[in-house]
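Below: one structure, written as structure tokens.
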Amino acid sequence: MERAPRGVDPNVPNSARVYDYLLGGKDNYEVDRAVAQRMLSIAPDTRTLAWFSRKFLVNAVQLAAEAGIRQFIDLGAGIPTSPNVHEVARKIDPSARVVYVDFDPVVYAHCNALLTQAEGVTAMQGDVRRTEDLLDRLKGEGSIDFDEPVAITLVGVLHFVMDDERPAEIVARLGAAMAPGSYLALTHGADNSNPDFIAQSSSDTANSSAQVRYRSPAVVESFFEGFDLMDPGVVPLQRWLDDDLPDTGLVLLGGVARKTSAAGPG
């Protein structure tokens with residue numbers, strides 16, 4: 001019988017653990033594997049898409065690091081999977097500062113145990129929906145200097161933020177805190193995904209922390225208001241990686257943008 005840490009309900013699916021299973025990890029429970037298998041039964045390419053998502057994150061971090069960014073905030077970091085953000089960033093500059101943030105206490109524990117041995121790498125348990133508190137803690141605990149450019153990644157995060165939690169306002173507040181020259185990268189589940197996949201995943205995750213709100217490409221693109229989108233824009237992740245990659249049942253949109261205006265979003 002699987003034993004869960006105190007405070008963790010192994011009977012309720014968790015987005016980080018489902019993703020961990022899709023990536024071949026072992027930090028998941030039967031309920032997470034069941035949800036993932038039902039997704040795979042409708043869209044078998046979802047496991048491949050999970051790796052596309054990871055590659056998108058790695059490429060976005062590398063892009064920002066090569067542009068001179070030396071501060072990175074990985075919001076919704078998830079259970080550690082190598083290469084991690086600090087490994088990518090520090091390959092370019094060993095002095096890069098990285099903060100991993102996740103709402104899930106178990107994910108935080110994993111990040112804190114596995115990723116924070118090096119100076120300048122910090123793990124925080126935080127909620128992106130409490131944006132002001134998070135920004136204050138990033139300045140303090142994370143030693144992030146928002147007067148200097150920073151890269152923020154929101155990979156697989158905003159589709160877990162419901163409409164009444166105002167995801168656009170969250171991104172706008174983060175953007176307003178970022179100095180010119182900063183980078184923003186995010187992914188989001190699209191409402192033009194396979195309808196059966198949307199129905200099954202929505203049913204499986206209803207009223208859990210893994211509940212998903214699929215949104216249109218236009219809405220996802222609006223999250224980048226105040227930033228300059230880089231080519232190829234807000235498109236399925238495959239287009240960010242290779243023009244020859246096949247479409248998938250679950251459509252994950254991705255975008256990377258740079259802040260050029262001192263006024264900023266919002």
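Computed over heavy atoms, backbone and side chain alike; hydrogens, waters and symmetry mates excluded.
Taking both residues in full, the closest heavy atoms of N194 and D196 are given as OD1-N, 2.7 Å, listed atom of the first, atom of the second, then distance. Minimum heavy-atom separation, K259 to G175: NZ-O, 2.8 Å. The minimum heavy-atom distance between L158 and V171, with the atom names listed, is CD1-CG2, 3.6 Å. Across all their heavy atoms, A118 and R90 have their closest contact at CB-NH1, 3.4 Å. A pairwise comparison of heavy atoms in S53 and V155 identifies OG-CG1, 3.4 Å as the closest pair. Across L252 and H159, no two heavy atoms sit closer than the pair CD2-CE1, 4.0 Å.
Put simply, CG on L253 and OG on S193 are 7.5 Å apart, with the number rounded to the nearest 0.5 Å. Atom CD1 of residue I152 and atom CG of residue D74 lie 10.5 Å apart, to the nearest 0.5 angstrom. A distance of 10.0 Å separates CZ of R33 from CG of D20, quoted to the nearest 0.5 Å.
In the hydrophobic clustering of ILVMFWY residues, with side-chain heavy atoms under 4.5 Å counting as a link, I79 and W51 come out apart. When the side chains of ILVMFWY residues are joined at heavy-atom separations under 4.5 Å, either directly or via intervening members, L135 and Y108 end up in two distinct hydrophobic clusters. Linking ILVMFWY residues whenever their side-chain heavy atoms come closer than 4.5 Å, directly or via other members, leaves Y21 and L250 in distinct clusters. Connection of M178 to V101 is established within a shared hydrophobic cluster, with ILVMFWY side chains joined at heavy-atom distances below 4.5 Å, either directly or through further cluster members. A continuous path of ILVMFWY side-chain contacts below 4.5 Å connects V220 to L75, so both sit in one hydrophobic cluster.
A tilted orientation is assigned to the rings of H188 and F223, their planes being inclined by 30° to 60°.
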Stepwise side chain to side chain contact (heavy atoms under 4.5 Å, CB included) check, F224 with L184: CA-CA 8 Å; F224 287 98; L184 173 68; 4.0 Å; yes
Mind running side chain to side chain contact (heavy atoms under 4.5 Å, CB included) on W240 and N59 for me, showing each step along the way? CA-CA 9 Å; W240 271 96; N59 287 2; over 6 Å; no
Report the C-alpha separation of F146 and I144 in whole Å, then their side-chain angles, then the decisive distance to 0.1 Å, and conclude whether the side chain to side chain contact (heavy atoms under 4.5 Å, CB included) test is met. CA-CA 6 Å; F146 281 100; I144 295 294; 3.7 Å; yes
Side chain to side chain contact (heavy atoms under 4.5 Å, CB included) between K55 and L241, intermediate numbers included: CA-CA 8 Å; K55 180 63 173 171; L241 304 177; 3.6 Å; yes
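Put simply, the side chain of V150 does not reach to within 4.5 Å of the side chain of F72, judged on heavy atoms. Annotation: side chain of I92 is in contact with side chain of Q62 (closest heavy-atom distance under 4.5 Å). Counting only heavy atoms from C-beta outward, the side chains of V256 and L186 never approach each other to under 4.5 Å. The shortest side-chain heavy-atom distance between I73 and T153 does not fall under the 4.5 Å cut-off. M124 is not listed as a side-chain neighbour of N112, based on a closest heavy-atom distance of 4.5 Å or more. Counting heavy atoms from C-beta outward, F103 and Q125 have side chains that stay 4.5 Å or more apart. Proximity of R97 to V121: side-chain heavy atoms (C-beta onward) are nowhere separated by under 4.5 Å.
At distances below 3.5 Å, not a single donor-acceptor pair connects side-chain atoms of S182 with backbone N or O atoms of P149. In this structure, the side chain of T187 engages the main chain of G156 through a donor-acceptor pair within 3.5 Å. Not one N or O on the side chain of N84 forms a donor-acceptor pair closer than 3.5 Å with the backbone of E87. Using a distance-only test at 3.5 Å, with no hydrogens or angles considered, no donor-acceptor pair links the side chain of R137 to the main chain of E132. In this structure, the side chain of Q71 does not engage the main chain of A96 through any donor-acceptor pair within 3.5 Å. No donor-acceptor pair under 3.5 Å is formed between the side chain of S203 and the backbone N or O of Q200. For R173 (side chain) and A168 (main-chain N/O), no donor-acceptor pair under 3.5 Å exists by modelled atom type.
Residues passing the side-chain contact (heavy atoms from CB on, under 4.5 Å) test with E119, sequence neighbours excluded: none. Partners of D163 under the side-chain contact (heavy atoms from CB on, under 4.5 Å) rule, at least two apart in sequence or in another chain, are R213, R215. In this structure R129 satisfies the salt bridge (charged side-chain N to carboxylate O under 4.0 Å, His left out) test together with D127, E165, sequence neighbours excluded. For D93, the salt bridge (charged side-chain N to carboxylate O under 4.0 Å, His left out) partners two or more places apart in sequence, or in a different chain, are R70. Applying the side-chain hydrogen bond (donor to acceptor under 3.5 Å, both in side chains) rule to S201 yields the partners Y214; only residues at least two apart in sequence or on another chain are considered. Applying the side-chain hydrogen bond (donor to acceptor under 3.5 Å, both in side chains) criterion to E148, with sequence neighbours excluded, gives no partner residue. Applying the side-chain contact (heavy atoms from CB on, under 4.5 Å) criterion to T248, with sequence neighbours excluded, gives D45, L49, Q238. Remark: D242 pairs with no residue by the salt bridge (charged side-chain N to carboxylate O under 4.0 Å, His left out) rule, at least two apart or across chains. Residues passing the salt bridge (charged side-chain N to carboxylate O under 4.0 Å, His left out) test with R38 are D204, sequence neighbours excluded. Contacts of S216 classified as side-chain contact (heavy atoms from CB on, under 4.5 Å), with partners at least two apart in sequence or in another chain: D191, A218, V219.
Within the structure, the ring pair (Phe, Tyr, Trp, His ring centres under 6.0 Å) test picks out the following pairs touching residues 73-101 (sequence neighbours left out): H86-Y100.
Within a 6.0 Å radius of CZ in F197, more than 12 heavy atoms belonging to other residues, nucleotides or ligands are found.
In this model, no donor atom of one side chain and acceptor atom of the other lie less than 3.5 Å apart for T122 and E141.
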Could you go through residues 227-236 and list every donor-acceptor pair under 3.5 Å that involves a side-chain atom there, pairing it with any protein atom two or more places apart or in another chain?
unit_1: D228; atom_1: OD2; unit_2: T260; atom_2: OG1; d: 2.7

